[in-house]
Every structure is written in structure tokens, then in C-alpha cells.
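To find a chain, count down the sequence lines: A is the first, B the second, and so on, and within it residues start at 1.
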Amino acid sequence: MGSVNLSEADYLPGTVTRSVKLLVAGPFGVGKTTFVGSVSEIRPLRTEEPITEVSVGVDDLAGLPGKTSTTVAMDFGRRTFGGVALYLFGTPGQHRFLPMWDELARGALGALVLVDTRRLDHADEILSAVEKRGLSYAVAVNEFEGARRYPAGAIRQALDLAPATPLTFCDARDQTSSIRALIVLVEHLTAGAEMLA
Amino acid sequence: MKRRRDRDLVRAYVITGGRTRPSREMGLVTLLVARDAPLQGLAPEQRRVLGVCSRHGALSVAEIAAHLDLPPSVVTILAAGLMDSGHLAVPAPESDVPEIDVLKEVLRGLRELV
Ligand SMILES: Nc1nc2c(ncn2[C@@H]2O[C@H](COP(=O)(O)OP(=O)(O)O)[C@@H](O)[C@H]2O)c(=O)[nH]1
Ligand SMILES: [Mg+2]
């Protein structure tokens with residue numbers, strides 16, 4: 001644990017007094033960390049929270065019942081707009097961390113769910129976890145090259161998306177493309193907040 | 001591996017002075033700035049938290065945790081104590097901005113980037 005050397009750019013400008021938390025959710029390997037890095041103005045950071053979990057099923061290598069300790073790691077990035085700092089948190093993709101989402105979702109205004117068309121089935125439990133927490137969300141297909149392209153209608157149907165849920169396409173490695181996907185989410189959140197107001 | 005993680009949990013307990021809950025409501029994106037206040041009497045871990053905070057620009061709880069390699073739950077407890085003692089504060093907005101306006105500011109900013 002050496003000394004920490006932060007530069008001025010690591011701090012928010014003095015004008016920033018508000019923060020917004022959004023989640024970037026999706027299964028392992030879908031491009032969450034890449035997406036957060038594309039949008040972030042700071043080098044993406046990582047937090048690790050030690051947790052005690054009741055070990056069950058496939059993740060328990062020893063096959064023994066009982067409690068084990070592990071850490072939930074989250075990468076996050078930041079982007080400042082005027083007086084507001086937007087924080088994007090990549091959710092841990094592993095199945096066994098889904099119960100940890102209560103804490104993750106606390107204070108989040110919404111989620112961008114990344115999906116990979118080669119493994120659409122993996123999106124189901126993520127969508128359920130997001131819906132269970134009552135988070136507003138949009139879905140973005142991270143288009144890997146070599147992956148077959150499907151029309152939006154087919155993807156909507158495969159994911160059983162509600163008509164009001166936005167669906168968009170992105171390349172998580174590309175800043176502009178990632179920002180466009182975020183715009184789709186924030187437009188959706190803004191429209192939702194306006195309906196409540 | 002298992003042993004080491006258990007030790008981490010014990011360490012987290014020790015460095016928060018045995019507190020297991022923060023004294024105030026705080027989340028990962030709660031913003032914090034340093035305030036002028038005497039450092040006497042502060043525990044080393046509290047000083048470490050203060051050491052990365054600035055009077056000029058805020059950092060979130062999550063950033064403090066990442067820079068110090070501490071669990072966010074530990075930073076939350078330490079930072080809440082430092083707020084109680086006047087060493088840290090949440091930056092005060094000029095007016096109470098409703099959530100919808102905060103979202104719109106983000107949206108405007110995002111649109112300027114594409
Ligand atoms: N071809 C391609 N590769 C990508 C894309 N997004 C991410 N990757 C790669 O896919 C791998 C997994 O991405 P990562 O962001 O770590 O996924 P995470 O597990 O969801 O955080 C990495 O090797 C990335 O470089 C993409 O849009 N296209
Ligand atoms: Mg990742």
C-alpha cells in the first residue's frame with residue numbers, strides 16, 4: 001500500500017456538486033470494462049469489496065457447503081458534464097454475484113444492459129436482475145466482428161423486451177459509439193422522469 | 001486465498017475502529033471535499049482518507065476507495081466519521097436541483113460529444 005499520488009485531473013472541477021450513477025450490466029466478456037473505459041475521462045478504477053457468501057452449486061470448487069469469503073470487484077469510470085459527474089459502474093458478470101446487485105443498484109438511476117448476439121441466452125438472468133431491482137434500462141448490442149447480425153425485431157423478440165425498452169447497437173471500443181448508446185439510455189431515463197414529474 | 005480474504009475482513013473491522021455501519025447515509029457516488037480542520041486525534045486510516053481528498057475538487061467514495069485500495073464499505077464508515085468531525089463535507093449545490101434537471105444536464109453533455 002504505497003503512497004497515493006493524485007494529479008489535479010483526478011479531482012472533479014470545483015463546479016461539480018452533483019453525481020449520477022448508472023450501471024453497465026451484462027454477462028462476463030460482453031464488453032462492460034471496454035465500454036466504461038471508452039466513455040471515462042479518468043483511467044478506469046476498480047473497487048474490491050470483501051464479502052462472505054453462502055457457497056452454493058457450481059462455484060463451490062471444493063463442493064463443500066458453508067460460507068466462503070471472496071471479493072466483488074467493480075470497474076468504474078467518470079465523465080463530467082457541467083455541474084454533474086456521471087459515474088458508470090460495470091457490474092460483476094458472474095452468476096453468483098447477482099445477489100450483490102441490491103447494493104449495486106442502490107442510488108443508480110438506470111442501467112445499460114450490454115448483450116452479445118452470439119450468447120443472447122446469457123442476457124436473460126441479467127435482464128431479470130435489473131428488472132427485479134426496478135431499474136430503468138436500455139439494451140445495447142455490442143457488435144463483435146464475426147458475430148452474425150440480426151435485425152432489431154428478432155433481438156427484441158429473443159430477449160422478450162417490452163415495447164418501451166430502447167434497443168440500440170454499439171461498438172464498446174469506440175468512444176462515439178458508446179456515447180451514442182448512453183444517450184439512448186439517458187433519453188429513456190429523462191422521458192421516464194418527466195412522466196413522473 | 002480463503003485465509004487471506006478472511007484477514008481482509010478482520011482488517012476492515014479494525015481500521016474502522018470497530019464500527020460496522022456508517023453514521024450517515026452514503027453511497028458509492030457520494031461526493032466529498034476536504035475542509036480545514038485540525039488533524040490531531042485522527043486515526044491513521046482517517047488520515048489516509050483525508051490525504052487523498054482535496055479542498056478544491058471533490059472525489060466520490062468509490063474513487064477514494066479505489067485510490068486507497070480499501071473496500072468502499074470501509075471508506076463509507078471512515079468518511080462518515082470525518083464528516084461528523086468536520087474534516088470532510090459534501091459539496092453544496094447552489095440550489096437544490098431536481099433529478100430530472102441533473103439527467104438533462106448529462107444528456108446535453110453527452111449530445112455535445114457526438
Ligand atoms: N471485437 C470486439 N471485441 C470487443 C468489443 N468489446 C470488447 N471486446 C473485447 O472483448 C473482451 C472482453 O471485454 P471486456 O470489456 O473485458 O468484457 P467484460 O467482462 O464485460 O468487462 C476484451 O478482450 C475486449 O477487448 C467489441 O465491441 N468488439
Ligand atoms: Mg470486466
Side-chain angles (χ1 to χ4, degrees), chain A residues 1 3-4 6 8 10-22 39 42 44-52 68-71 74-76 78-87 89 103-104 106-110 175-177 179-180 182-183 186-187 189-190 192-194 196-197, chain B residues 1-12 25-31 33 48 51-75 90-95 97-114:
Chain A
M1 215 151 299
S3 69
V4 183
L6 297 185
E8 205 176 317
D10 290 312
Y11 294 93
L12 289 164
T15 47
V16 176
T17 58
R18 298 291 303 253
S19 57
V20 168
K21 175 180 169 188
L22 297 177
V39 174
I42 54 168
L45 297 170
R46 183 183 177 85
T47 61
E48 294 194 11
E49 188 72 69
I51 54 156
T52 304
T68 56
S69 294
T70 183
T71 59
M74 266 191 302
D75 341 278
F76 68 99
R78 178 186 97 192
R79 189 100 193 197
T80 307
F81 304 105
V84 184
L86 169 68
Y87 287 92
F89 283 82
E103 187 59 26
L104 270 180
R106 199 162 60 90
L109 295 190
Q175 173 175 217
T176 306
S177 174
I179 285 178
R180 285 211 167 93
L182 266 186
I183 289 174
V186 180
E187 279 173 346
L189 300 179
T190 310
E194 243 157 14
L196 289 176
Chain B
M1 163 98 165
K2 181 165 183 245
R3 283 249 152 59
R4 202 179 77 76
R5 295 306 180 198
D6 281 341
R7 259 215 319 269
D8 281 352
L9 284 171
V10 172
R11 190 173 72 98
E25 188 61 30
M26 234 186 252
L28 286 171
V29 302
T30 299
L31 300 181
V33 285
R48 284 187 66 213
V52 293
C53 292
S54 159
R55 280 180 296 145
H56 308 293
L59 286 180
S60 63
V61 166
E63 284 166 295
I64 296 168
H67 290 313
L68 292 178
D69 197 14
L70 286 172
S73 61
V74 170
V75 170
V90 169
E94 262 170 42
S95 56
V97 193
E99 189 174 290
I100 175 85
D101 292 342
V102 176
L103 276 173
K104 281 182 175 166
E105 190 161 355
V106 170
L107 187 53
R108 206 178 321 126
L110 286 169
R111 283 176 174 155
E112 275 169 18
L113 292 175
V114 295

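In terms of heavy-atom pairs under 4.5 Å with chain B, the best-connected choice from A:L109, A:V16, A:V20, A:T80 is A:L109. Highest contact tally toward chain B, considering only A:D10, A:V84, A:T176, is held by A:V84 [criterion: heavy-atom pairs under 4.5 Å]. Residue with the most contacts toward chain B among A:E8, A:E103, A:Q175, A:R180: A:R180 (heavy-atom pairs, distance under 4.5 Å).
Defined by atom type and a distance below 3.5 Å, a donor-acceptor pair is missing between the side-chain atoms of A:Y11 and B:E63.
Residues A:R18 and B:E99 are not paired through a salt bridge, judged by the lack of any N-O separation under 4.0 Å between the basic side chain and the carboxylate.
Heavy atoms of B:V90 lying under 4.5 Å from chain A are absent altogether. Proximity to chain A (any heavy atom under 4.5 Å) is restricted, for B:H56, to the backbone atoms N, CA, C and O. Only the side chain of A:L86 comes within less than 4.5 Å of a heavy atom of chain B; its backbone N, CA, C and O stay farther away. Contact of A:E187 with chain B is made through backbone and side chain together, with heavy-atom distances under 4.5 Å. For chain B, the nearby part of A:L6 is the side chain; its heavy atoms alone come within less than 4.5 Å. Contact annotation for A:L196: neither backbone nor side-chain heavy atoms come within less than 4.5 Å of a heavy atom of chain B.
Inter-residue side-chain proximity for B:S73 and A:E49 is flagged as met; some heavy-atom pair is nearer than 4.5 Å. Considering only heavy atoms from C-beta on, A:T17 stays 4.5 Å or farther from B:L31 through its side chain. For the pair B:L103/A:V186, a side-chain contact is recorded, criterion being any heavy-atom separation below 4.5 Å from C-beta on. Inter-residue side-chain proximity for B:L28 and A:F76 is flagged as unmet; no heavy-atom pair is nearer than 4.5 Å. Using a 4.5 Å cut-off on side-chain heavy atoms (C-beta onward), A:F81 and B:L113 make contact.
Judged by distance alone, with hydrogens and angles left aside, the side-chain atoms of B:E105 form a donor-acceptor pair with the main-chain N or O of A:G83 at under 3.5 Å. Side-chain atoms of A:S19 come within 3.5 Å of backbone N or O of B:V29 as a donor-acceptor pair.
The one candidate from B:L107, B:V114, B:L110 that meets the side-chain contact (heavy atoms from CB on, under 4.5 Å) condition with A:L182 is B:L110.
Residue A:L45 holds its CG atom at 11.5 Å from CG of B:D69, rounded to the nearest 0.5 Å.
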Intermediate values then yes/no, side chain to side chain contact (heavy atoms under 4.5 Å, CB included), B:I100 and A:T190: CA-CA 6 Å; B:I100 175 85; A:T190 310; 3.8 Å; yes

